[in-house]
K.L.:
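First the structure, then my questions, so here it is.
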Amino acid sequence: MIDLRSDTVTKPTPGMLNAMAEAEVGDDVFGEDPEVNRFQDEMAELFGMEAGLFAPSGTMSNQLCLHVLTGPGDEVIIDESGHVFNYESGAAAHLSSLQLRPLKGIRGKLTKNLIEPAIRPVNDWDPHTRVIAIENSTNKGGGACYSREELIEISNVAAKHNLAVHLDGARIWNAMVATDIEPVFFGSIADTISISFSKGLGAPVGSMMLSSAGYVKKARRIRKMWGGGMRQVGLLAAAARYAVNHNLQLLEEDHRRAKIFAEEISKNPSFSINPDWIETNIVLFDVVDRTVESVLKQFSENGIGMVPFGPKTIRATFHFQVTDEDLEKVVKVAGW
Ligand SMILES: *Cc1c(COP(=O)(O)O)cnc(C)c1O
């Protein structure tokens, strides 16, 4: 199958498996896994943060970040299409007693003008607005990326109102490649960042929280409480480290293929899409005269996997295990 359902479907390559086999490991609950310690330090340094904490999933990493930034009853401002709001099983409410304040942004992105009026005044009866949570690149926003200027504005609003910024960077690598923004810049505008290695980078498992040493220390205990303390997890850190060092440079190709796909399907009147919106590896497109189910079925009968992403919307996601040959086939099938 040509699997465009998600960029999480990649399988470890021989080089990655080799890196795993060669990892020097120890018990990470004791803080004794050299591979994990080295990787956490490297990632923290890359993003200009004090410390990193390896986590089993992006969901846990996001939730750890929100947990350390807030207290019960606090409010988190987020775009209504945000992963934390839509796809984390209500975890912010359950694990941290948080209230999420979804705003209608633009392709998953918030702006200063949207955020500022949503910040609560300080009263006994108001929830405390504590965090602005942003996503870069956006998932449900179709892979859109923030510009440097947009991020600076958000960071300035946060500073002005004494709020924290959390950056869900599950696909920060795609944003880096698409916008040429250096990782330390993201560290400079956020209090906490969650990065992922199991999306387009192709590691089988793994995400990481990046923040100050104090927040990471606090999160380490919470991670244990939530069952995320792992033992010889250097095996996974080695795969993730290999992914950063070898697969990051492949993302540009995914973006190129996503763009070609978008341009090609825009020629078919059965689909509605603006190819100019395709910045990274995610392509969202609407069906015009057919149901999402029937279109997905037609793709699937031709060995192509995509997922429904709304009543009229389909998502196709490109990753390094989709080749130019695969793309050609997909384009052909989509041109009916
Ligand atoms: C996938 C994803 C996550 C969560 O990662 P998991 O490892 O699947 O828990 C968080 N945020 C965004 C934007 C994502 O796409």
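Remember, it's 1-based here, ligands and their atoms both numbered in the order they're listed. What you see is a predicted model; the values in this text were computed from it and never measured.
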K.L.:
Looking just at side-chain N and O atoms, do Arg315 and Thr313 make a donor-acceptor pair shorter than 3.5 Å?
P.N.:
no

K.L.:
Quick one: which of Asp28, Asp27, Asp33 gives a salt bridge (Lys or Arg N to Asp or Glu O under 4.0 Å) with Arg231?
P.N.:
Asp27

K.L.:
Which atoms of ligand 1 have any heavy atom of Ser57 under 4.0 Å away?
P.N.:
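Those qualifying, in numeric order: 7 (O), 9 (O).
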
K.L.:
Is it the side chain, the backbone, both or neither of Thr8 that has a heavy atom closer than 4.0 Å to ligand 1?
P.N.:
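Near ligand 1, Thr8 shows nothing, with every heavy atom at 4.0 Å or more.
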
K.L.:
For the aromatic rings, using the six-membered ring if either is Trp, is the centroid distance between Trp173 and Phe320 under 6.0 Å?
P.N.:
no

K.L.:
For His166 and Thr192, test the side chains for any donor-to-acceptor distance below 3.5 angstrom and give the result as yes or no.
P.N.:
yes

K.L.:
Counting each atom of ligand 1 from 1 as listed, which ones have a heavy atom of Asn62 under 4.0 Å away?
P.N.:
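Result: 10 (C), 11 (N).
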
K.L.:
Is it the case that ligand 1 has an N or O less than 3.5 angstrom from some N or O of Ala170?
P.N.:
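The answer is no, given that Ala170 and ligand 1 share no N or O pair closer than 3.5 Å.
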
K.L.:
Number the atoms of ligand 1 from 1 as they appear, then name those within less than 4.0 Å of a heavy atom of Glu135, with their elements.
P.N.:
13 (C)

K.L.:
Within this structure, what is the CD1-CD1 distance for the pair Ile273 and Ile278, rounded to the nearest 0.5 Å?
P.N.:
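Here the interatomic distance stands at 4.0 Å.
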
K.L.:
Looking only at protein heavy atoms, identify the closest one to atom 6 (P) of ligand 1 and say how far it is in Å.
P.N.:
Gly58 N, 3.4 Å

K.L.:
So that I know where these two stand, are Tyr242 and Phe197 an aromatic pair - ring centroids less than 6.0 Å apart?
P.N.:
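They do not qualify: ring centres at least 6.0 Å apart.
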
K.L.:
Any N/O of Asp168 closer than 3.5 Å to an N/O of ligand 1?
P.N.:
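In this structure, Asp168 places an N or O atom under 3.5 Å from an N or O of ligand 1.
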
K.L.:
Between the candidates Arg171, His83, Lys140, which shows the shortest non-hydrogen contact distance to atom 10 (C) of ligand 1?
P.N.:
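That would be His83.
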
K.L.:
Looking only at side chains, do Asn174 and His255 share a donor and an acceptor under 3.5 Å apart?
P.N.:
yes

K.L.:
Between the candidates Glu88, Gln63, Met60, Lys199, which shows the shortest non-hydrogen contact distance to atom 14 (C) of ligand 1?
P.N.:
Lys199

K.L.:
Return the residue, atom name and 0.1 Å-rounded distance of the protein heavy atom closest to atom 9 (O) of ligand 1.
P.N.:
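For atom 9 (O) of ligand 1, the nearest protein heavy atom comes out as Thr59 OG1, 2.6 Å.
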
